[in-house]
J.: 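Got a structure for you, questions after.
Being a predicted model, the structure only gives us computed values, none of them experimental.
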Amino acid sequence: MTELTCKLLIIGGGPGGYVCGIRAGQLGVDTIVIEQEKLGGTCLNVGCIPSKAMIHAADHFHKMCTASDGPLGITAQNPAIDLAQTIAWKDGIVTRLNSGVAGLLKKAKVKLIQGTATVIDGKTVRVTGADGETTISAENLVIATGSSPVELPFLPFGDKIISSTEALSMRDIPKKLVVVGGGYIGLEIGTAFRKLGSEVTVVEAADRVLPQYDAALTAPLVASLKTLGVKVLTSVNAKTSGKDGLIIEENGKERALSADKILVTVGRRPRSDSASIQSLALTMDGPFIKIDERCQSSMRGVYAIGDVTGEPMLAHRAMAQGEMVAEIVAGHKRVWDKACIPAVCFTDPEIVTCGLSASEAKAKGIDSVTSSFPFAANGRAMTMEAETGFVRVIARKDNSLILGFQATGAGVAELSASFATAIEMGARLDDVGAIIHAHPTQSEAIQEASLAGLGHALHI
Ligand code: FAD
Ligand code: NAD
């Protein structure tokens, strides 16, 4: 048994944990990170990066398959895809990033211990790994254990019932894929497999897909799913798996949907039961660890960050929390004072939300104005055959302070930085309206939507 001491001990090497480690190391804090699987966590190994790689490959293939039907005069003959090779390419990116994270931790002089952590008390953790057992005493503990896919009791994972992890590593394209849950993961991965050639059916319990967004924001996506041939069944409950596929209940009647694979994407649950965390009897917020504005749990010196602390379960939130906690442990005065956390759904078209929607502003008692600009009136969008969608901005009625942006369209993910910058810097509609946006770019729609809020858009 090895015994170690440190100032900061982090359980979990995902985006929350590894960023916390790097920043702490940069600040000279004696830090150890414990990871039981691969550095980078869900995001890097089985989440953000693999899914975006597969979406890119599927888009590329789909464009080649449909190029001859388009107006550009392109003929493409018999494109084919070798999924095993695509997966190998995706795995290569993941491996490069894994070693990149390891290198960054090493550079920051952070010690990495590979193994499974078990909490003994708020200052002591035991790690069981290939090299035996290590007991670590730390002044501060950060819980960054992340989340796992929710498993439906009547559709246990195994064989043809898969989670996103298996979906992102399949060697063959399933002929028939049924997706249970029309949220972020189901729609991103479901669309990718449709573009790769699968027959895809999405079964969603709510009355529409991505029910957390307003209907106008998801309308272009719903239309695109139809054009692509993705069947979407809403207000439908999955019941169980049958001999050939999934049994669903629709309008009070049961019927079978034939499937080679059933992808279950009905949300993620926090790993607040990992590492015997329950033994600390921390105050919980439902299934999540309750934290304050410094990510401190109910036990002094024990912090929690990332998916284990609640929504939104996004990698960039976990990273920002990790960076903040590292600085707090190093003695800096920090609190969570972010004005917004952008969220991007990498569907076709993409959807971005950042800050408040009109209804959220209303719920807060704020009088707001909403204005938007369609990509149909944007020159760059026309040249990209991407006229679907819009940028929408919400601002206070009394002083034009920007409260939120929503957008949908091809490639709008990259506009999210402008949205967050404007909100964090307290920009008003006239500030954004007065900034020169390069022509021709999709970003001109941000300026135009802001000008529209002031009553004088130029190009509509
Ligand atoms: P995790 O990344 O889950 O990392 C936790 C780590 O802790 C894991 O590596 C785990 O092995 C380790 N661990 C747990 N218990 C122990 C223990 N006892 N001992 C040692 N180690 C332990 N987010 C986005 O922002 N953008 C996206 O595009 C996006 N796409 C996604 C696509 C998919 C398919 C999925 C599944 C998720 C996606 N997410 C996306 C969400 C994102 O992956 C998570 O929000 C993010 O990974 C959370 O980071 P984390 O550090 O909190 O936890
Ligand atoms: P989600 O919460 O986005 O969607 C789950 C969907 O499943 C919901 O629409 C819900 O109504 C539906 N549902 C729930 N139970 C059902 C049932 N029994 N039958 C049919 N439908 C049912 O969850 P997810 O797609 O699993 O993603 C989990 C989290 O991962 C997201 O909330 C997000 O935080 C993160 N994520 C982010 C990105 C991104 O940032 N681009 C991508 C993927 C995942």
Side-chain angles (χ1 to χ4, degrees), residues 49-93 167-179 186-202 209 218-232 259-261 263 344-352 374-391 407-415 438-445 459:
I49 299 296
S51 60
K52 270 76 246 181
M54 294 310 293
I55 289 168
H56 169 73
D59 273 348
H60 211 56
F61 179 61
H62 178 69
K63 277 192 186 133
M64 295 193 71
C65 292
T66 52
S68 308
D69 308 331
L72 306 186
I74 296 172
T75 308
Q77 278 171 355
N78 303 326
I81 186 159
D82 175 348
L83 191 65
Q85 196 175 322
T86 312
I87 295 288
W89 163 76
K90 178 266 292 178
D91 289 344
I93 296 171
L168 293 168
S169 285
M170 285 196 279
R171 290 318 194 244
D172 299 303
I173 298 165
K175 194 165 171 333
K176 291 182 183 175
L177 176 70
V178 170
V179 179
L187 294 177
E188 287 187 0
I189 299 180
T191 303
F193 275 99
R194 176 65 197 140
K195 289 182 176 178
L196 291 171
S198 300
E199 283 174 36
V200 176
T201 306
V202 176
V209 293
T218 54
L221 166 66
V222 171
S224 153
L225 290 169
K226 196 168 176 195
T227 308
L228 284 167
V230 174
K231 287 196 197 101
V232 177
D260 301 306
K261 294 282 177 196
L263 168 61
V344 180
C345 194
F346 291 81
T347 39
D348 180 5
E350 293 171 350
I351 298 175
V352 179
F375 285 119
N378 174 272
R380 176 64 174 151
M382 289 180 202
T383 65
M384 291 167 35
E385 301 177 90
E387 294 176 40
T388 302
F390 55 84
V391 172
T408 181
V412 292
E414 295 303 329
L415 301 185
H439 178 74
T441 63
Q442 288 173 292
S443 70
E444 288 171 278
H459 289 90

J.: Evaluate the criterion side-chain contact (heavy atoms from CB on, under 4.5 Å) for residue pair Ile173 and Ile81; output intermediate values, then yes/no.
T.: CA-CA 10 Å; Ile173 298 165; Ile81 186 159; 3.9 Å; yes
J.: side-chain contact (heavy atoms from CB on, under 4.5 Å) between Lys195 and Phe61: does it pass, once the steps are laid out?
T.: CA-CA 7 Å; Lys195 289 182 176 178; Phe61 179 61; over 6 Å; no
J.: Looking at Thr388, Val232, Leu187, which one forms a side chain to side chain contact (heavy atoms under 4.5 Å, CB included) with Leu221?
T.: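 Checked Thr388, Val232, Leu187 against Leu221; only one passes side chain to side chain contact (heavy atoms under 4.5 Å, CB included): Leu187.
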J.: Start with the C-alpha distance between Leu415 and Val391, add both sets of side-chain angles, then the distance that settles side-chain contact (heavy atoms from CB on, under 4.5 Å), and finish with yes or no.
T.: CA-CA 9 Å; Leu415 301 185; Val391 172; 4.1 Å; yes
J.: Do you know the tightest heavy-atom contact between Pro349 and Thr408?
T.: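 Pro349 and Thr408 have their closest heavy atoms at CG-OG1, 3.5 Å.
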J.: Considering only NZ, NE, NH1 and NH2 on the basic side and carboxylate oxygens on the acidic side, decide whether Lys175 and Glu199 come within less than 4.0 Å.
T.: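 Salt bridge: yes.
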J.: With a sphere of 6.0 Å drawn around NZ of Lys52, does it hold more than 12 non-hydrogen atoms of other residues, nucleotides or ligands?
T.: yes
J.: Is any side-chain heavy atom of Ile189 less than 4.5 Å from a side-chain heavy atom of Val179?
T.: no
J.: Nearest 0.5 Å please: distance from the NE2 atom of His56 over to the CH2 atom of Trp89.
T.: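 So the NE2 of His56 and the CH2 of Trp89 are separated by 5.0 Å.
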J.: Just wondering, are more than 12 heavy atoms of other shown residues or ligands nearer than 6.0 Å to CG in Asp172?
T.: no
J.: Show, in sequence, the C-alpha distance, side-chain angles and deciding distance for Thr201 and Lys176, and conclude whether the side-chain contact (heavy atoms from CB on, under 4.5 Å) test is met.
T.: CA-CA 8 Å; Thr201 306; Lys176 291 182 183 175; over 6 Å; no
J.: With a cut-off of 6.0 Å (strictly less than), are more than 12 heavy atoms of other residues, nucleotides or ligands near CE of Met384?
T.: yes
